[in-house]
Amino acid sequence: MGSVKIILWKHDKKSDGSHPLALRITKNRKTKYIFTGKYIFENDWDEKSNRIKKSHPNSTRLNNLLLKKLSQAQATLLEAETSNENFTSLQIKAKVKSKGSNISFFQLASERIKDKYTKGTFSVVKSELSILHNIQEFINHNPNSPQLLIIEQIKINRKKRVSQGRKYESSINHEIKTFSKNTNLPFQEINTTFINKYKTFCTCYLGHKTRTITNQLIFIRTLYNLAIKEGIIDNKNYPFAGENEKIRIKSGYKIGLTKQEVEKIENLQLEPNTSIWHTKNIFLFSYYFAGVRISDVLELKWFNFIDGRLYYEMNKNEKPVSLKVPEKAITILKRYEVNKETSTDYVFPFLKKANQKSKEDIFIKTRNATKLFNKYLKRIAKTCAIQKNLSNHIARHTFGNIAGDRINPLMLQKLYRHSSLKTTIGYQANFIHKEADDALDMVLNS
């Protein structure tokens with residue numbers, strides 16, 4: 001037997017101290033919650049009768065609304081239990097939420113993205129919102145219009161989104177809310193034809209490369225699987241099954257700098273405290289620690305350095321890291337130590353003005369800084385006559401390229417902070433060429 005109950009969710013609250021009201025669905029000792037979007041203060045809630053007290057100014061209206069939602073949920077639960085299918089609490093939740101309407105791809109996606117936004121994984125949020133905008137451009141475009149006209153309109157739409165985003169305190173939150181109201185694109189429309197046409201659109205109108213398109217297909221597949229799991233759609237028309245769309249991830253080339261190219265950057269003389277000077281320091285600092293991610297470098301504070309070692313926790317997977325501080329990294333730290341006031345100060349200046357209570361603001365300022373670095377790294381490469389595409393992530397590739405096959409894979413796994421040795425071996429294979437080169441020379445020069 002299952003049960004449905006209205007509860008006051010005390011695990012979360014708004015800034016004014018009010019708590020959300022939710023429907024609690026329990027089936028086979030597993031519980032799911034549906035939030036009503038209504039908030040009240042704890043002293044206005046009657047725990048025994050599960051009703052809003054008369055002390056609340058809108059108690060009658062809200063109690064009637066809650067009673068209606070409770071009746072709908074109980075009816076759905078009864079329907080599920082009298083059928084031959086063994087529904088889970090998650091499937092019952094989906095049926096309650098979709099009662100009388102069909103949850104669209106955009107609406108389900110906005111729920112997933114909102115969850116990631118709440119958890120503070122803003123980099124994922126931005127990339128997934130970008131995919132939703134691409135899909136929206138696809139379903140809105142007129143295939144009979146000239147290609148150049150469609151491309152120009154897409155550019156105009158992007159500029160408009162950026163401009164509108166500045167009007168809101170949280171542009172990300174505004175985008176999520178907008179997609180949560182978008183009832184276009186029911187899952188029934190996402191079939192093999194849709195997938196093939198979307199891939200063509202990405203190539204011809206958005207100018208996407210194969211890997212970018214693959215990432216978007218993975219996102220669509222993830223959402224479709226979630227829709228099946230939550231009972232929004234069945235799997236009979238699953239577009240990624242059998243001989244339908246098969247997602248294959250192709251590995252691209254990973255090219256790092258040589259030791260000589262790194263020395264050119266090290267010897268480059270730049271005016272202190274300029275943006276390009278900071279860029280050079282941060283890029284080299286990342287390389288000196290086996291390619292620490294630039295976002296992690298920017299968040300380093302002075303208390304992360306203890307007894308000649310760097311202690312920090314990776315943003316990507318929250319793994320603790322401890323590494324000896326190399327002499328070359330110490331030289332860079334000394335350049336910034338003059339601005340140190342307390343141990344809680346950032347080492348590098350780009351997050352000093354960020355709102356420390358806002359993870360989103362820290363993310364935005366980190367993202368803006370990395371964009372700036374990529375611009376100046378291009379200038380550094382040109383000045384140093386480096387022909388390779390110099391970017392933030394190439395610091396990690398550079399360490400791998402110079403390490404080659406000289407370091408034991410187990411030690412490289414530790415330096416790279418990889419969870420699996422298989423990942424390390426696969427990654428390092430991009431930079432180990434000696435045996436293949438020797439074999440080629442042996443055949444051609446024998």
Side-chain angles (χ1 to χ4, degrees), residues 105-106 109 112-113 116 121 123-141 143 146-148 150-155 157-158 161 185 187 189-226 238-257 291 293-294 316 367 370-371 374 377-378 381 387-398 400-401 416 418 420 422-433 436:
F105 176 87
F106 291 113
R112 167 188 162 90
I113 295 172
K116 293 183 180 298
T121 53
S123 59
V124 176
V125 167
K126 286 297 291 183
S127 64
E128 294 188 352
L129 280 173
S130 178
I131 294 173
L132 292 190
H133 284 299
N134 292 338
I135 296 172
Q136 189 170 45
E137 293 283 6
F138 168 62
I139 64 176
N140 288 342
H141 90 287
Q147 182 178 359
L148 292 178
I150 294 173
I151 293 173
E152 185 60 29
Q153 186 59 52
I154 291 172
K155 291 179 180 178
N157 292 342
R158 284 175 179 168
R161 286 199 300 271
L185 193 58
F187 280 91
E189 292 183 9
I190 303 177
N191 51 31
T192 304
T193 302
F194 176 93
I195 296 295
N196 289 333
K197 287 184 177 180
Y198 181 64
K199 288 195 297 182
T200 302
F201 178 83
C202 289
T203 302
C204 299
Y205 296 95
L206 301 177
H208 290 165
K209 301 296 184 183
T210 301
R211 182 54 197 261
T212 304
I213 297 172
T214 299
N215 289 342
Q216 296 183 77
L217 295 183
I218 292 172
F219 176 72
I220 294 172
R221 183 180 64 184
T222 300
L223 262 294
Y224 208 109
N225 287 336
L226 181 60
Y238 187 55
F240 300 99
E243 297 301 316
N244 294 331
E245 179 65 32
K246 293 183 179 179
I247 299 176
R248 296 181 177 88
I249 300 177
K250 295 182 180 180
S251 58
Y253 293 109
K254 289 180 172 64
I255 300 174
L257 302 182
R293 288 175 178 82
I294 296 296
K316 186 175 182 180
R367 182 190 60 190
T370 55
K371 287 181 179 178
N374 278 327
L377 283 171
K378 301 284 186 294
Q387 301 300 316
K388 295 165 185 172
N389 182 23
L390 194 56
S391 65
N392 291 312
H393 201 63
I394 208 173
R396 192 171 183 83
H397 297 168
T398 297
N401 187 46
Y416 288 146
H418 285 157
S420 164
K422 183 179 178 181
T423 302
T424 303
I425 293 172
Y427 182 87
Q428 200 61 20
N430 291 278
F431 312 110
I432 299 176
H433 311 296

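Given the structure is predicted, the values throughout are model-derived calculations rather than measurements. Values below: every heavy atom of this structure, side chains too, minus hydrogens, waters and symmetry copies.
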Can Leu206 and Thr212 be said to form a side-chain contact (heavy atoms from CB on, under 4.5 Å), step by step?
-> CA-CA 10 Å; Leu206 301 177; Thr212 304; over 6 Å; no

Test side chain to side chain donor-acceptor pair (under 3.5 Å) applied to Asn157 and Arg161, Lys155, Gln153, the passing residue | Gln153

Under a 4.5 Å cut-off applied to non-hydrogen side-chain atoms, are Phe219 and Leu132 in contact?
-> yes

Polar contact flag, side-chain donor to acceptor under 3.5 angstrom, Asn225-Arg221 = no

Any side-chain heavy atom of Tyr198 sitting closer than 4.5 Å to one from Ile213?
-> no

Side-chain touch Ile195/Leu217, heavy atoms, less than 4.5 angstrom = yes

Residue pair Thr203 / Lys209, side-chain heavy-atom distance below 4.5 Å | no

Measure the shortest side-chain to side-chain distance between Phe106 and Ile139 over non-hydrogen atoms and say whether it is less than 4.5 angstrom.
-> yes

Does the pair Ile220 and Leu223 meet the rule for a side-chain contact (heavy atoms from CB on, under 4.5 Å), with working shown?
-> CA-CA 5 Å; Ile220 294 172; Leu223 262 294; 5.9 Å; no

Considering only heavy atoms from C-beta outward, does the side chain of Phe138 approach that of Lys197 to under 4.5 Å?
-> yes

Candidate pair Leu257 and Leu390, rule side-chain contact (heavy atoms from CB on, under 4.5 Å), full reasoning | CA-CA 9 Å; Leu257 302 182; Leu390 194 56; 3.8 Å; yes

Counting only N and O atoms by type, is there a donor-acceptor contact under 3.5 Å from the side chain of Asn392 to the main-chain atoms of Thr370?
-> yes

Do the side chains of Pro239 and Tyr224 get nearer than 4.5 Å, heavy atoms only?
-> yes

Mutual orientation of the aromatic rings belonging to Tyr205 and His141 [parallel < 30°, tilted 30-60°, perpendicular > 60°] | tilted

